[in-house]
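Report on one structure; see the data block that follows.
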Amino acid sequence: MPTTTSLHNGSELNESFIESTKAVFSMMLGCTVELAAATRSTNFKSSHDLSGIIGFSGALQGTVVISVDQEVAFSAAEMFLGTRPTEIDDEVRDMVGELANMIGGNAKERIPITGILLGLPTVISGKGHRVSFEPGAHIEHMAFETPWGPLSVEIGMRVPGTK
Amino acid sequence: MKVLVVDDSGVMRKIIIRSLNAVGVNDTVEAGDGAEGFKAFQADSFDMVLTDWNMPVRSGLELVQDIRGAGSQVPIIMITTEAQKTQVIAAIQAGVTDYLTKPFESDDLRAKLDKYVAV
């Protein structure tokens, strides 16, 4: 079986996450999200209310963080469940984790590398919370606009054996 | 018709159960991982099982192996983000009846359910 072990460039990775984010919102929530900005940094600090974190291992290692504000989380929960939450409870956190799971999982299928493993999602909530990546890691930050407000996708990833 | 829905996300279970309700299935049992799912499966009689793959404690693939190992031929639909060919083949070899990848449109899920609810 042919096995791809490297990415030609970082844009393939970014493009996978851009397309997966769009697909998840379009298919599961029936709405369009647009990429507003894409930047690379070594200093990332979340300024959103909720973050869903997915770990990648195997042929591609690192972390992806999907962050939204309360308004986006509540609106998405209303679309999924039919009722609008009034507070950030376990169900809202669960939904953010599932969004992260689907975005990460769908991106994994688009990345031209075989043997990638996906972990279970972890969710952090609270204003001003901080998610740290590996020191010195290059973090790709993609800012999206949803109909309800901003969503950000941060990727800190590397192929084992490369820098 | 009684359906067992296994997913570690309560939100995803609700989404699936809403689709089941929409095709006329109202008798459902929920479980949050493969171990809980097999326990529920052994304690009751089901006409269909819908399961995620990646779950804590015991995965959906292990649940499928447990159910088939117990001699049951109940239809099992795997609903998962895992879509690589090798994984789909592994699921089929384990005994999965049908496969739906996340994300999905509600019509896709309903079409799958219709297929087995009609039977």
Side-chain angles (χ1 to χ4, degrees), chain A residues 1-4 19-31 33 52 54-59 73 76-83 85 89-123, chain B residues 5-22 28 30-37 50-63 78-91 93 99-112:
Chain A
M1 181 193 308
T3 302
T4 307
E19 291 308 315
S20 71
T21 304
K22 288 180 174 178
V24 167
F25 273 74
S26 167
M27 296 174 84
M28 299 299 299
L29 292 162
C31 69
V33 296
I54 288 278
F56 279 59
S57 59
E78 189 175 6
M79 293 292 285
F80 273 135
L81 304 169
T83 53
D89 55 15
D90 285 346
E91 197 159 66
V92 173
R93 281 187 281 271
D94 178 18
M95 185 216 62
V96 171
E98 190 56 27
L99 277 178
N101 180 47
M102 285 190 284
I103 290 171
N106 189 257
K108 182 181 82 129
E109 305 309 326
R110 296 171 187 271
I111 297 167
I113 297 179
T114 53
I116 303 171
L117 303 172
L118 203 66
L120 295 170
T122 302
V123 178
Chain B
V5 180
V6 189
D7 198 305
D8 56 329
S9 165
V11 169
M12 188 52 66
R13 293 198 302 270
K14 281 190 177 181
I15 292 168
I16 292 167
I17 289 170
R18 280 176 71 182
S19 291
L20 282 164
N21 295 159
T28 57
E30 298 180 48
D33 61 60
E36 245 184 54
L50 306 179
T51 185
D52 186 16
W53 184 317
N54 291 314
M55 293 183 288
V57 187
R58 199 151 177 81
S59 73
L61 192 67
E62 290 170 315
L63 172 62
M78 182 82 86
I79 304 175
T80 176
T81 57
E82 300 290 349
Q84 284 183 356
K85 197 175 171 182
T86 51
Q87 288 157 318
V88 177
I89 291 169
Q93 284 176 340
Y99 206 91
L100 180 65
T101 54
K102 300 179 194 173
F104 52 79
E105 292 188 5
S106 56
D107 285 350
D108 297 335
L109 177 56
R110 284 184 195 177
K112 291 276 184 202

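Values below: every heavy atom of this structure, side chains too, minus hydrogens, waters and symmetry copies. So that the names make sense, note that chain A is the first sequence line, chain B the second, and so on, each numbered from 1.
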With a 4.5 Å limit on heavy-atom distance, are the side chains of L118(A) and T81(B) in contact? yes
Salt-bridge test for K108(A) and E82(B): reply yes if a basic N is under 4.0 Å from a carboxylate O, no otherwise. yes
Heavy-atom pairs under 4.5 Å with chain A: which of A83(B), S106(B), P56(B) has the most? A83(B)
Out of K102(B), R13(B), R58(B), which residue meets the salt bridge (Lys or Arg N to Asp or Glu O under 4.0 Å) rule with D52(B)? K102(B)
Counting only non-hydrogen atoms closer than 4.5 Å, does L120(A) touch chain B with its backbone (N, CA, C, O), its side chain (CB onward), both, or neither? side chain
Check whether D90(A) gets within reach of chain B through its side chain, its backbone, both or neither, counting any heavy atom under 4.5 Å. neither
What part of Q87(B) lies closer than 4.5 angstrom to a heavy atom of chain A: side chain, backbone, both or neither? side chain
If you take all heavy atoms of R18(B) and M79(A), which pair is closest and at what distance? NH1-O, 4.1 Å
